[in-house]
Amino acid sequence: MASTLVAISEVVDMLAARAAALAAELLPGGRKEGREWVCGGLDGARGSSLAVHLQGSKAGVWSDFATGECGDALDLVAQALFGGDKAQALSWSKSWLGLDGCDPGRLKATRRAVETRKTEDESGAEGEEAQRKRAQALWLGAEPRLAGTLAEAYLAGRGIRLDQLGRQPRALRFHPAIWCQERRSKAPALLAAIHDPGSGTYLATHRTYLGRHKDGSIGKADIAAPKKVLGRYRGGIIPLWRGASGKSLAKAPEGDRLIVTEGIEDGLTAALAKPDCRVAAIVSIGHANAVRWPETIREIIVAAQNDKPGSPADRRLQVVLRQWLSEGRKVLLARSPSWWRGREVKDVNDLLQAAQATEGVVNE
């Protein structure tokens, strides 16, 4: 039977309606983060340089923050499989969608599914707002004090003693039992509030699921992805430390020096080392170029991880550094040594743990 006549725009819409399945097939090394599929690039490697929207009016739209490439769902097929050849991509997409030789009834049903998605997209903003409120309610319902909890024990096991800071970061809380979809049961978790750095608006809740190891220590839960985010967090940050001024990030005075890290543990390590500086965690380097810092933040120190030069993660970092420099800010790059007394080191918190181990320091 001849190939069914379907407009290219319809093929794009149909691919978008199945964006999650498409992204998983084309980019197998990726992972779902909120409403996006994130991976290291068009080769489908692990990482977070490239993001594909899975829901809403932008479903199927993708961007590679390391290379600047972007496009719709059909462009993704073309770039990932056929070196940019749209004709081959269109043929493959029709076959993948089951449009080659499909009967009129099936085509009608497929088109109806696309229209249903579009109708749902019109109320997508409301759904996103509901998710944001649910994320905030989760954080507000957690214990505001970490002292005496598994979260305090977990951080201490990473070499981070909050009592050395003098106070606990306001963005962090502990919940003794929240639902973990991966485990299909409840588990304790360290929670962190993700805010818009300019307005202070609550965006999402970061969760680090915790568990007790065989040796009795507290660490990340033994699941594939112990760190998860509830809510849409692109452009958001976790404000970990206010520095010498003690003011919120939105009201940061001129002259405040900001240390930016990717993870919470690195951020707290930086706060211990430089308590006079302001510290924020950006959750994912792949989303960092969407962060809009207040104009008063003129100097940023990036405490980067020890990614290999030229790797996808390093390319993403270079894109972010160039952007912040283009905004007229002074940007400094700081990295820990990659080795410490025979032990490989990946970031500043890893260095702290390595130093404590070699000095015989034991955190109870």
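In this text, all values refer to a predicted model and were calculated from it rather than measured experimentally.
- The 12-atom threshold is exceeded at CH2 of Trp92, counting heavy atoms of other residues, nucleotides or ligands nearer than 6.0 Å.
- Both Phe82 and Ile8 belong to a single network of hydrophobic side chains, linked directly or stepwise wherever heavy atoms of I, L, V, M, F, W or Y lie under 4.5 Å apart.
- Between Arg335 and Asp314 there is a salt bridge, with a side-chain nitrogen of the basic residue lying less than 4.0 Å from a carboxylate oxygen of the acidic one.
- A salt bridge links Lys227 to Glu265: one of the charged nitrogens lies within less than 4.0 Å of a carboxylate oxygen.
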Apply the test side-chain contact (heavy atoms from CB on, under 4.5 Å) to residues Gln305 and Asp266: give CA-CA distance (whole Å), side-chain angles for both, the deciding distance (0.1 Å), then the verdict.
CA-CA 9 Å; Gln305 298 183 350; Asp266 281 352; 4.1 Å; yes
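- Annotation: the span from Leu230 atom CG to Gln136 atom CD amounts to 11.5 Å, rounded to 0.5 Å.
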Do Leu258 and Val279 pass the side-chain contact (heavy atoms from CB on, under 4.5 Å) test, and can you show the C-alpha distance, the side-chain angles, and the key distance before you say yes or no?
CA-CA 6 Å; Leu258 170 67; Val279 181; 5.8 Å; no
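- When atom types are taken as modelled, the side chain of Arg212 and the backbone of Gly216 share a donor-acceptor pair closer than 3.5 angstrom.
- Geometrically, Arg167 engages Trp241 in a cation-pi contact, judged by NZ or CZ lying under 6.0 Å from the ring centre and within 45° of the ring axis.
- Atom SG of Cys70 sits about 11.5 Å away from atom CG of Leu76, to the nearest 0.5 Å.
- Arg298 places a side-chain N or O within donor-acceptor distance of the main-chain N or O of Gly328, the cut-off being under 3.5 Å.
- Separation of atoms CG (Leu165) and CD1 (Ile160) is listed at 9.0 Å; rounding is to 0.5 Å.
- Considering only heavy atoms from C-beta on, Leu15 comes within 4.5 Å of Leu74 through its side chain.
- Heavy atoms only, all atoms of each residue included: Ala354 and Val345 are closest at CB-CG2, 4.4 Å.
- Checking Gln353 against Asn349 by side-chain atom types alone, a donor-acceptor pair falls below 3.5 Å.
- Side chain of Thr149 to backbone of Leu146: a donor-acceptor contact under 3.5 angstrom is found.
- Hydrophobic clustering keeps Ile301 apart from Val348 (ILVMFWY residues linked when any side-chain heavy atoms are closer than 4.5 Å, directly or through intermediates).
- Leu54 places none of its side-chain heavy atoms less than 4.5 Å from the side chain of Arg35.
- For Gly60 against Ala19, the heavy-atom pair with the smallest separation is N-CB, 3.8 Å.
- Among all heavy-atom pairs drawn from Gly41 and Leu27, the shortest one is O-CD2, 3.7 Å.
- A side-chain contact (heavy atoms from CB on, under 4.5 Å) with Tyr233 holds for exactly one of Val283, Ile282, Thr205; it is Val283.
- To the nearest 0.5 Å, atoms OG (Ser9) and CG (Asp72) are separated by 10.5 Å.
- Ile259 is not listed as a side-chain neighbour of Ile300, based on a closest heavy-atom distance of 4.5 Å or more.
- Hydrophobic cluster membership is shared by Leu333 and Trp324, with clusters built from Ile, Leu, Val, Met, Phe, Trp and Tyr side chains linked at under 4.5 angstrom.
- The shortest distance between side-chain heavy atoms of Tyr202 and Arg132 falls below 4.5 Å.
- At a threshold of 4.0 Å, the pair Lys346-Glu344 does not count as salt-bridged, since none of the basic side-chain nitrogens sits closer than that to a carboxylate oxygen.
- For the residue pair Trp340 and Ala355, the shortest heavy atom distance occurs at NE1-CA, 3.6 Å.
- A distance-only check finds a donor-acceptor pair linking the side chain of Arg278 to the backbone of Lys247 [under 3.5 Å].
- Leu272 and Ile238 fall within a single hydrophobic cluster, where Ile, Leu, Val, Met, Phe, Trp and Tyr are joined by side-chain heavy atoms under 4.5 Å apart, directly or via other members.
- Considering only heavy atoms from C-beta on, Ile297 comes within 4.5 Å of Arg329 through its side chain.
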Can you list the steps and then say if Glu254 with Glu295 is a side-chain contact (heavy atoms from CB on, under 4.5 Å)?
CA-CA 9 Å; Glu254 293 280 355; Glu295 287 299 318; over 6 Å; no
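- Side chain to side chain, Ser248 and Arg242 fail the donor-acceptor criterion of an N or O pair below 3.5 Å.
- By the 6.0 Å and 45° rule, Arg173 stacks over the aromatic ring of Trp139.
- Counting heavy atoms from C-beta on, the side chains of Leu332 and Arg257 come closer than 4.5 Å.
- Shown here is Lys228, whose NZ atom has more than 12 heavy atoms of other residues, nucleotides or ligands within 6.0 Å.
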Can you give the donor-acceptor pairs under 3.5 Å from side chains of residues 189-200 to other protein atoms, not counting sequence neighbours?
from   : atom 1 : to     : atom 2 : distance (Å)
His195 : ND1    : Gly200 : O      : 3.0
Asp196 : OD1    : Gly198 : N      : 2.9
Asp196 : OD1    : Ser199 : N      : 2.9
Asp196 : OD1    : Ser199 : OG     : 3.3
Ser199 : OG     : Thr201 : N      : 3.2
Ser199 : OG     : Thr201 : OG1    : 2.8

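- Gln79 and Trp62 are not linked by any side-chain donor-acceptor pair at a separation below 3.5 angstrom, with hydrogens and angles left out of the test.
- Dense packing is recorded around CZ of Arg343, with more than 12 heavy atoms of other residues, nucleotides or ligands lying under 6.0 Å away.
- Here Arg145 does not pair with Glu143 in a salt bridge; the nearest charged N to carboxylate O distance is not below 4.0 Å.
- To the nearest 0.5 Å, atom CZ of residue Arg183 and atom CG of residue Asp222 are 9.0 Å apart.
- At distances below 3.5 Å, not a single donor-acceptor pair connects side-chain atoms of Asp85 with backbone N or O atoms of Ala78.
- The backbone N or O of Gly148 sits less than 3.5 Å from a side-chain atom of Glu152, completing a donor-acceptor pair.
- Between Pro169 and Leu268, the shortest heavy-atom distance links the atoms CG-CD2, 3.7 Å.
- Formation of a donor-acceptor pair under 3.5 Å by the Lys58 side chain with backbone atoms of Gln55 is not found in this model.
- Contact of the Asp256 side chain with the Thr296 side chain is not registered, since no non-hydrogen atoms from C-beta on lie closer than 4.5 Å.
- At a cut-off of 3.5 Å, with distance as the only test, no side-chain donor of Ser336 or Asp350 sits close to an acceptor on the other residue.
- Taking every heavy atom of both residues into account, Leu203 and Gly236 meet most closely at CD1-CA, 3.6 Å.
- Both Val291 and Val320 are assigned to one and the same hydrophobic cluster, defined by single-linkage of ILVMFWY side chains at heavy-atom distances under 4.5 Å.
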Could you go through the side-chain contact (heavy atoms from CB on, under 4.5 Å) check for Asn306 and Ser338 one step at a time?
CA-CA 6 Å; Asn306 288 325; Ser338 57; 4.2 Å; yes
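- Proximity of Trp37 to Leu50: side-chain heavy atoms (C-beta onward) are nowhere separated by under 4.5 Å.
- Tyr209 places a side-chain N or O within donor-acceptor distance of the main-chain N or O of Trp179, the cut-off being under 3.5 Å.
- Between the NZ atom in Lys86 and the CG atom in Leu90 there is a gap of 9.0 Å [rounded to 0.5 Å].
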